[in-house]
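The block underneath contains the structure these notes are about, expressed in structure tokens.
Quick note: numbers below take in every heavy atom, side chains included, and nothing from hydrogens, waters or symmetry partners.
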Amino acid sequence: MTCPDHPLVVVAAVIVQHERLLVVSKQAAPDVFYLPGGKPEPGEQPLEALTRELAEELGVRPLEPRLLGDVEAPAALEGVPMRMTVFHARIDRTPQPAAELARLRWITGHEPGLHLAPAVRHHVLPALRHRGLIGTPEAN
């Protein structure tokens, strides 16, 4: 069980192309979008977990991954505290949703009616805008 002293631990990728962020949704909640990634297996290092998750979920490999940092926010579906280790990376091919994923989208975060996980909306998108990595409302 997850509690504040032991948050849900996940790794995720920030993948940006043409000033748009790649987000994915799961079959269990197809209208809620997250960063691609997932939970490390026992003994797995964050970058190993990210590489495995991206291969399983999108059929891609991360290229030149760089640690962006950790984000703490409520997990969107579970509603429990979450600590997400975020890497910025390029990918080696066009992603295709597989495994438990329902779909993927490339977003700026300003799309009407877009339901994003709290970590993405409140932490990741503002950081990417601050760094000039994704489009602003004026650019859409």
Side-chain angles (χ1 to χ4, degrees):
M1 180 167 180
T2 303
C3 66
D5 293 337
H6 302 287
L8 179 67
V9 174
V10 299
V11 295
V14 163
I15 300 165
V16 177
Q17 292 181 2
H18 308 291
E19 296 187 355
R20 297 213 180 310
L21 174 67
L22 177 65
V23 293
V24 298
S25 68
K26 296 182 180 180
Q27 292 175 7
D31 295 324
V32 180
F33 288 88
Y34 311 79
L35 294 179
K39 300 173 193 133
E41 293 178 354
E44 198 172 38
Q45 295 299 310
L47 194 50
E48 293 171 322
L50 183 69
T51 300
R52 177 184 51 76
E53 288 283 349
L54 291 179
E56 290 173 3
E57 294 182 349
L58 296 169
V60 300
R61 282 186 315 115
L63 302 174
E64 302 171 3
R66 296 181 312 278
L67 179 65
L68 282 182
D70 290 325
V71 171
E72 294 190 13
L77 287 183
E78 297 88 344
V80 298
M82 176 191 67
R83 182 177 307 123
M84 180 171 67
T85 299
V86 182
F87 290 88
H88 183 209
R90 295 182 302 110
I91 50 177
D92 65 339
R93 63 181 57 99
T94 301
Q96 299 295 324
E100 73 267 13
L101 295 187
R103 56 189 175 142
L104 61 82
R105 288 181 69 176
W106 294 93
I107 65 158
T108 63
H110 298 291
E111 294 79 358
L114 181 64
H115 184 184
L116 294 172
V120 177
R121 180 166 307 283
H122 300 298
H123 299 282
V124 175
L125 283 174
L128 295 176
R129 285 187 192 108
H130 179 74
R131 295 175 184 192
L133 293 175
I134 63 170
T136 62
E138 299 80 34
N140 290 332

Looking at residues at least two apart in the chain, or sitting in another chain, which of them share a side chain to side chain donor-acceptor pair (under 3.5 Å) with [X]?
{"X": "R105", "value": "none"}
{"X": "R121", "value": "none"}
{"X": "R131", "value": "none"}
{"X": "R66", "value": "H88"}

Flag side-chain contact, heavy atom, 4.5 Å: [X] against [Y]:
{"X": "L8", "Y": "K39", "result": "yes"}
{"X": "L21", "Y": "L35", "result": "yes"}
{"X": "V11", "Y": "P40", "result": "yes"}
{"X": "R52", "Y": "E41", "result": "yes"}
{"X": "I107", "Y": "R20", "result": "no"}
{"X": "V120", "Y": "F33", "result": "no"}
{"X": "V14", "Y": "L133", "result": "no"}

Between [X] and [Y] (side chain of the first, backbone of the second, donor and acceptor by atom type, cut-off under 3.5 Å), is there such a pair?
{"X": "R83", "Y": "D70", "answer": "no"}
{"X": "E111", "Y": "G109", "answer": "yes"}
{"X": "R129", "Y": "T108", "answer": "yes"}

Give the cluster check for [X] versus [Y]: same hydrophobic cluster or not, with ILVMFWY residues linked at side-chain heavy-atom distances below 4.5 Å.
{"X": "V32", "Y": "L116", "value": "no"}
{"X": "I134", "Y": "I15", "value": "no"}
{"X": "L114", "Y": "W106", "value": "no"}
{"X": "V23", "Y": "V86", "value": "yes"}
{"X": "V9", "Y": "F87", "value": "no"}

For the CZ atom of R61 and the CG atom of L54, what is their distance to the nearest 0.5 Å?
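So the gap between those two atoms works out to 11.0 Å.
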Looking at CD of E48 and CD of E53, how far apart are the two atoms once the value is rounded to the nearest 0.5 Å?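 Spacing of CD (E48) from CD (E53) equals 12.5 Å.
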| query | By side chain to side chain contact (heavy atoms under 4.5 Å, CB included), which residues pair with Q96, not counting sequence neighbours? | reply |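 Per chain and number, Q96 pairs via side chain to side chain contact (heavy atoms under 4.5 Å, CB included) with T94.
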Under the side chain to side chain contact (heavy atoms under 4.5 Å, CB included) rule, collect the residues that match up with A102, sequence neighbours excluded.
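In terms of side chain to side chain contact (heavy atoms under 4.5 Å, CB included), with neighbours along the sequence ignored, A102 is linked to S25, Q27, P30.
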So, for [X] and [Y], which heavy atoms are closest and what is the spacing to 0.1 Å?
{"X": "L77", "Y": "Y34", "result": "CG-OH, 2.8 Å"}
{"X": "L50", "Y": "G37", "result": "CD1-CA, 4.5 Å"}
{"X": "L101", "Y": "L58", "result": "CD1-CD2, 3.7 Å"}
{"X": "A99", "Y": "E56", "result": "CB-O, 3.7 Å"}
{"X": "P97", "Y": "L104", "result": "CD-CD2, 3.6 Å"}
{"X": "P74", "Y": "P118", "result": "O-CG, 3.9 Å"}

Exercise. Check the surroundings of atom CZ in R103: do more than 12 heavy atoms from other residues, nucleotides or ligands lie under 6.0 Å from it?
Key: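 More than 12 within 6.0 Å, yes.
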